Amino acid sequence: MKRFCIIILALVLGWPSWIVRPALSQVSTPISITSSLVVSWTAVSSADSYTVKRSLVNGGPYTTIASGITAVTYIDSTVALRTTYYYVVAAVNAIGSSPDSVQASGTTP
Amino acid sequence: MRKATSWVYMFLVTLALFSVSGLNAVAQNQYYVAATGGSDSNSGTSIGSPWATCNHAMAAATLNSVGAVINFIASNSQHAGCTAVNRNVAAPARLAMRCTAPWTSDGHTVLSPHCRMNGPFLVRTANRIDIGANPFLGFEYTNPGDNTAVDVISQCPGNAGACGFGNSIHVFGNFFHDIGQTNGNGCPSSGGILITNAHGVSVTDAQVIGNVIDHIGIFPGPPGNQMHGIYVSTMNGQVYNNVVTRACYAGLQYYDQACNARVSNNVFANNTVGMVYYGSHGCTAGLNTGDNNVLVNNTQQAINNSFSGDQGCTPGRQMLYSNNIISGNGVNGPTHAFASCTTVQNQKSENPTTTFVSYTGSAQTSDFHLKAGSQAIGGGTSQCASGGLTPCVPSVDIAGNAFAGQIGAFASGSPIPTGLLTPTSITFADTFTGVTSNFVPITVHNTSGVAVVFSSIVASTHFALVTSATPCPIGGGGLAAGGMCEVDVTFSPNSATSFSGTVTFTDNFVGTPASPQTVALSGNGTTPSAPSAPTGVSVVVH
């Protein structure tokens, strides 16, 4: 409790010389910030798998970045910072592939 | 505080007692009869002031609309016989007689004190009478010079036609033995328990349940066919959980008004005939069930189904014999070929030394509990004659133990195989015609203490079983106690329509679910086509 009061006092009045500052080496190293975009869609009953396509241009053309996906979510980790990506998804079964879905977009921070 | 707690405790105890006894708001009138020390001048309303005779109790008990229970105080002395049971009890009341202690706890060891009678129960101008109670809270009667232990007459005094007597007579939990050996008749027209319609009077609702009867008449006896362990000839009767050995003629004669009758889970062993079961005086024959009985070592036939061509059923009114053990009889079948309206199914054969814990041919020295490994364990059924009265098998055994799916009168002392199936139904995803779906697993968990043995596991058309990583064994030692196995099922539609079916497990499960168990299957076949485009696409930062 006494130590807590001293720290509060130090913050209000300034750091007194008789209080030893923590050495810089004691502070955690900042974590590097990476990001990814998560693409989700609604399941199609007759689908065996899904193909996810991406473009840097609104409206395409799109490039396949993942196929054979059986889940209804895909995490795209190969993205650059502060960039907008445009995605479409297609459903696939033994007969063939569906048309591409309506486009959705996301921007990395 | 302590006093308040005490009052709460007393309230709860009182509530529990009423719940256990099944009593509603108004209890039956209670009376007491003592073998010694009682007086018919007493009030009879407490153990400390008992009546002396059954005959007095029968006449003096107040019934009102709730009926009365005559409690015979267990004793090492004999009670006076009930030779004047002449109360015409009006529904819904009943007049019940029972002992304050059971005569046995296991069906083959006689306890003292209990309620021994020095005379029979002679029921004359009476209705709605209970003689004894289950389990084993009835009476012991033995008298080689007498003809019967319970004799119910349904005609007017002097056999002067119908007077409306003899209906709803229930005989429960008694021990009748060594009757009719020295009366000079050998095999006269009587028996241990005799509830007859006197050939022509319409009588209903006889119930003979949980009685042990041995040595009725001379056995092996002189020629004759009229003295039986149990003789019931009323429609709508129920004869369950009885054991009859060494009867001069039949273990059971259900003859003359066998309509809507139910004869299940009895042991009729070492008599001249196992059971007589047919007849239609005053009713249209049929709708009779005979399930889960043990008919063994009877010197003539297992079943007498006709003295004169009447077969116990008529077209459209089935007679069903199902899941009975029949073995070691002079003829392991009926006296006459069964009529086409009779269904005989799932009959079994097994030596009584394999079926029972011990078998001597006498109920007084045998232990009729089921022996481990017997076909009787889990070999029973609850199926009733089509259109007949239900249920047609007892839910408990002679001692009051849970008893589903077994044969005989006593439950097994061994654990009963049972288990769980998960899920109980499967709906497959829409599947293209000509394509086989991914499999869906069905898990079987043996929740009992003994092995569950599967005789077959099959899927219906358009569905198929594929080998799982932990397959359920067919035959052999089965699925061990506590074990789990998996059945994987696929769907293969051949047209674009809806399909349904089952996976059926046939095994030795007893209880719920009893064998065979089914898992319902359904699915839609669809015409092959590429899928539609996904919808609801969204993107978020991770």
Side-chain angles (χ1 to χ4, degrees), chain A residues 33-56 58 62 65-67 69-109, chain B residues 423 425-443 459 461-469 486 488-501 503 519-542:
Chain A
I33 298 173
T34 60
S35 68
S36 57
L37 294 173
V38 180
V39 185
S40 302
W41 58 92
T42 302
V44 176
S45 61
S46 59
D48 295 333
S49 65
Y50 300 93
T51 298
V52 178
K53 305 173 187 178
R54 185 179 75 179
S55 176
L56 290 169
N58 187 2
Y62 304 100
I65 58 171
S67 60
I69 299 169
T70 55
V72 290
T73 298
Y74 175 73
I75 300 175
D76 185 1
S77 301
T78 59
V79 291
L81 297 176
R82 294 181 293 279
T83 305
T84 297
Y85 293 92
Y86 301 90
Y87 295 90
V88 293
V89 181
V92 179
N93 66 16
I95 305 304
S97 177
S98 73
D100 290 340
S101 68
V102 172
Q103 173 187 283
S105 64
T107 302
T108 56
Chain B
S425 65
I426 295 172
T427 300
F428 285 87
D430 291 352
T431 303
F432 292 144
T433 58
V435 174
T436 297
S437 73
N438 294 326
F439 74 79
V440 176
I442 300 170
T443 301
T461 306
H462 305 297
F463 302 91
L465 304 180
V466 295
T467 303
S468 75
E486 183 178 300
D488 294 337
V489 57
T490 60
F491 174 41
S492 301
N494 62 355
S495 64
T497 187
S498 297
F499 293 86
S500 61
V503 175
V519 173
L521 308 174
S522 62
N524 295 319
T526 57
T527 301
S529 64
S532 56
T535 58
V537 178
S538 63
V539 181
V540 296
V541 177
H542 183 54

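Chain naming here is simple, since letters A, B, ... match the order of the sequence lines and numbering starts at 1 in each. Note that the coordinates shown come from a computational prediction; the quantities given were computed from them, not determined experimentally.
- Neither the backbone nor the side chain of A/Tyr74 comes within contact range of chain B; no heavy atom of the residue lies under 4.5 Å from a heavy atom of that chain.
- Residues satisfying the salt bridge (Lys or Arg N to Asp or Glu O under 4.0 Å) criterion with A/Asp100, sequence neighbours excluded, are A/Lys53.
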Please assess A/Leu37 against B/Val541 for the test side-chain contact (heavy atoms from CB on, under 4.5 Å), listing each intermediate value before the final yes or no. CA-CA 5 Å; A/Leu37 294 173; B/Val541 177; 3.8 Å; yes

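- Put simply, of B/Ser532, B/Pro534, B/Pro528, the one with the most heavy-atom pairs under 4.5 Å next to chain A is B/Pro534.
- For B/Ser529, the part lying near chain A is the backbone, with the side chain staying farther off; criterion is any non-hydrogen pair under 4.5 Å.
- In this structure, chain B has no heavy atom under 4.5 Å from any part of A/Val72.
- If you measure heavy-atom distances from A/Val44 to chain B, the contacts under 4.5 Å come from the side chain alone.
- Residue A/Thr73 does not touch chain B at all, counting heavy-atom pairs closer than 4.5 Å.
- The closest side-chain heavy-atom distance from B/Val537 to A/Val88 is not below 4.5 Å.
- The choice from A/Ser45, A/Ser77, A/Ser105 that makes the most heavy-atom pairs within less than 4.5 Å of chain B is A/Ser105.
- For residues 81-91 of chain A, no pair satisfies salt bridge (charged side-chain N to carboxylate O under 4.0 Å, His left out), with sequence neighbours left out.
- Applying the 6.0 Å contact sphere to CG of B/Asp430 captures more than 12 heavy atoms from other residues, nucleotides or ligands.
- If you tally non-hydrogen atom pairs under 4.5 Å between each of B/Ala530, B/Ala429, B/Pro531 and chain A, the highest count goes to B/Pro531.
- Options A/Ser46, A/Ser40, A/Ala91, A/Gly96 differ in how many heavy-atom pairs under 4.5 Å they form with chain B, and the most are formed by A/Ser40.
- To the nearest 0.5 angstrom, B/Phe432 atom CZ is 5.5 Å from A/Ile95 atom CD1.
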